Structures are given as structure tokens and as C-alpha cells.
Amino acid sequence: REQKFAAITVVHSETSTGTLTSLPELAALAHEYGVAVLVDSVTGLAGMPVETDAWDLDFVLTGSQKALALPPGLAFGVASKRYIEQAANATARGLYFDLVEFEEFVHKNQTPSTPAISLLYATAVQGEYIARETIEARWARHTEMANMTHSWVRQLREDTGQAFCVYAPEHARSGTVTAVALPATLNGDDIVKGVAKRGFVIGSGYGKLKSSTFRIGHMGDHTPDRLALCLEATADTIRELLAK
Ligand SMILES: *Cc1c(COP(=O)(O)O)cnc(C)c1O
């Protein structure tokens, strides 16, 4: 309200906690005060709806290596006209990540410097796969995998009588990644190791949640069928650790 900020930065799908931020509400509030909204949707875009125009987002950034299921090495951004104009008027915007220069090159179907061209070919192919599945079906597949994972956690809690729970509150859960909070008797790293022995890679906890959580990424080209096998391997590992 005191107009102290030119912009807010926000993580759409927060990967260490599996938390989802509601962008439309946040953007509406920020714009009420003339504040630009800059979004990290690295694990959101292509896995969950991101309506850049309808939600009036000023800048959205994503990477190739998460829900787009491409090799790492490319970043994609969408900027609003308003934000590019704002950048054009900035006196010291610097050379790196210059939106105005990017925009000029877009009109020539070029990039300011040589991109990872091999990855652009991969992007074109993945774009065809996504179009064939349809983006709406892709979102639905992610929702299905997220719901499966949440139910699995509930079942695990019931079966073991232990305090397993989804870290993020029910109204703010990411569709692409779930952080599972553990009872104090278990350590996330042990679970990750046991699951690896069974042929699946899941994530350990991150930062302060390193030992008290583990994470399951259900994004990109993963399918409910494969996820079911991964959840089975994880439950198996946990039962083994609890029996020790
Ligand atoms: C993975 C990720 C990034 C960027 O990761 P890099 O591996 O450094 O490219 C940024 N934000 C979120 C939310 C992420 O999940």
C-alpha cells in the first residue's frame, strides 16, 4: 500500500516443499498497487495451468528440464508488453537477460546469442508430443498423479499408524511434486537410498527439510502407471525401515 516495491517475485510451484501459489489472486492484488509480478514457474509450466495473459503476469520463467521433460540447458520466458516497455525505460538494465534485446530478436526469429540448437530441435519434437496429448490432457495427467500420491500418503499413514503426511496444506499443493513429511523415527535419505535399490529415483528433502521429508516428482512425461510402481517401491522401503 505504501508503494515501496516495483515488483514482487514469486515461485509458482515451490519444489522443496511441493507448495503451489495461487497466481491469479496474487497478481490481481499486486497490480492493484502497481507492482509487477515476476514468476518462477520452473516446475509449474507444462504441468499445471499458467495463463500468462488471463492472469496478467508480467514475466514468467521456466526451464527445459522439469515439467517440459527436456534435457537441461534452455530457459523460456514470457513477458507482458507492459513489462517490456518498463524495461525499455530502465536506464541501467544491463546486458545479460535484456528483455528489450530478446524482443527485437524474436521478431527476426532469432536469439541474441547462439542458443543450444540441439535442444531447440528436442523442444520442437516435444512440442509435437505435447500438442498430440493436448496441454489440457497433460494438466489432467499431472493432477491425476498428484492425487494418486496424496492418497498413497494417506494410505501409508493408515497402514502404518505413523505420522506420514503431505507437507503442503491441502489447498496449496503442487501438481508436479509432493514433499512427504516423515515421522521422527525415519530419515529421508534412508528412504531415497532404499528406493534407489529398487530401481527408482526419488528426491531427498531440501534445505531445512533435508532429513524430515522426501520428495516425489510426478511431472513431465511420467505416467500414472509408472508412478504406481515407484510408490509401491517407496512403500516397500518404508515398511522395511519401520520393521528394523
Ligand atoms: C529446478 C528449479 C529451478 C532452477 O533449477 P536449476 O536446476 O538451477 O535450473 C528454479 N526454481 C524452481 C522452483 C525449480 O524447481
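Computed from a predicted structure; not experimentally measured. Counting convention: from 1, in listed order, for ligands and their atoms alike.
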Asker: List ligand 1's nitrogen or oxygen atoms that come under 3.5 Å of a protein nitrogen or oxygen, with the partner atom and distance.
Answerer:
| unit_1 | atom_1 | unit_2 | atom_2 | d |
| --- | --- | --- | --- | --- |
| ligand 1 | 7 (O) | Gln65 | NE2 | 3.4 |
| ligand 1 | 9 (O) | Gln65 | NE2 | 2.8 |
| ligand 1 | 11 (N) | Asp40 | OD1 | 3.4 |
| ligand 1 | 11 (N) | Asp40 | OD2 | 2.6 |
| ligand 1 | 15 (O) | Thr15 | OG1 | 2.3 |
| ligand 1 | 15 (O) | Lys66 | NZ | 2.8 |

Asker: Closest approach of Ser16 and Ala179, non-hydrogen atoms and distance?
Answerer: O-CB, 3.9 Å
Asker: Determine which pairs satisfy side chain to side chain donor-acceptor pair (under 3.5 Å) with at least one residue from residues 154-167, sequence neighbours left out, and list them in order.
Answerer: Gln155-Asp159
Asker: Got a sec, which residues hit salt bridge (charged side-chain N to carboxylate O under 4.0 Å, His left out) with Arg141, two or more places apart in sequence or on another chain?
Answerer: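 Only Glu133 meet the salt bridge (charged side-chain N to carboxylate O under 4.0 Å, His left out) criterion with Arg141.
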Asker: Please, which pairs that meet ring pair (Phe, Tyr, Trp, His ring centres under 6.0 Å) have at least one residue in residues 102-148, sequence neighbours excluded?
Answerer: Phe97-Phe102
Asker: Sort out for me which residue in Val39, Val50, Thr43, Leu45 forms a side chain to side chain contact (heavy atoms under 4.5 Å, CB included) with Thr62.
Answerer: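 Passing option: Leu45.
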Asker: Ion pair present between Glu240 and Lys197, side-chain N to carboxylate O less than 4.0 angstrom?
Answerer: no
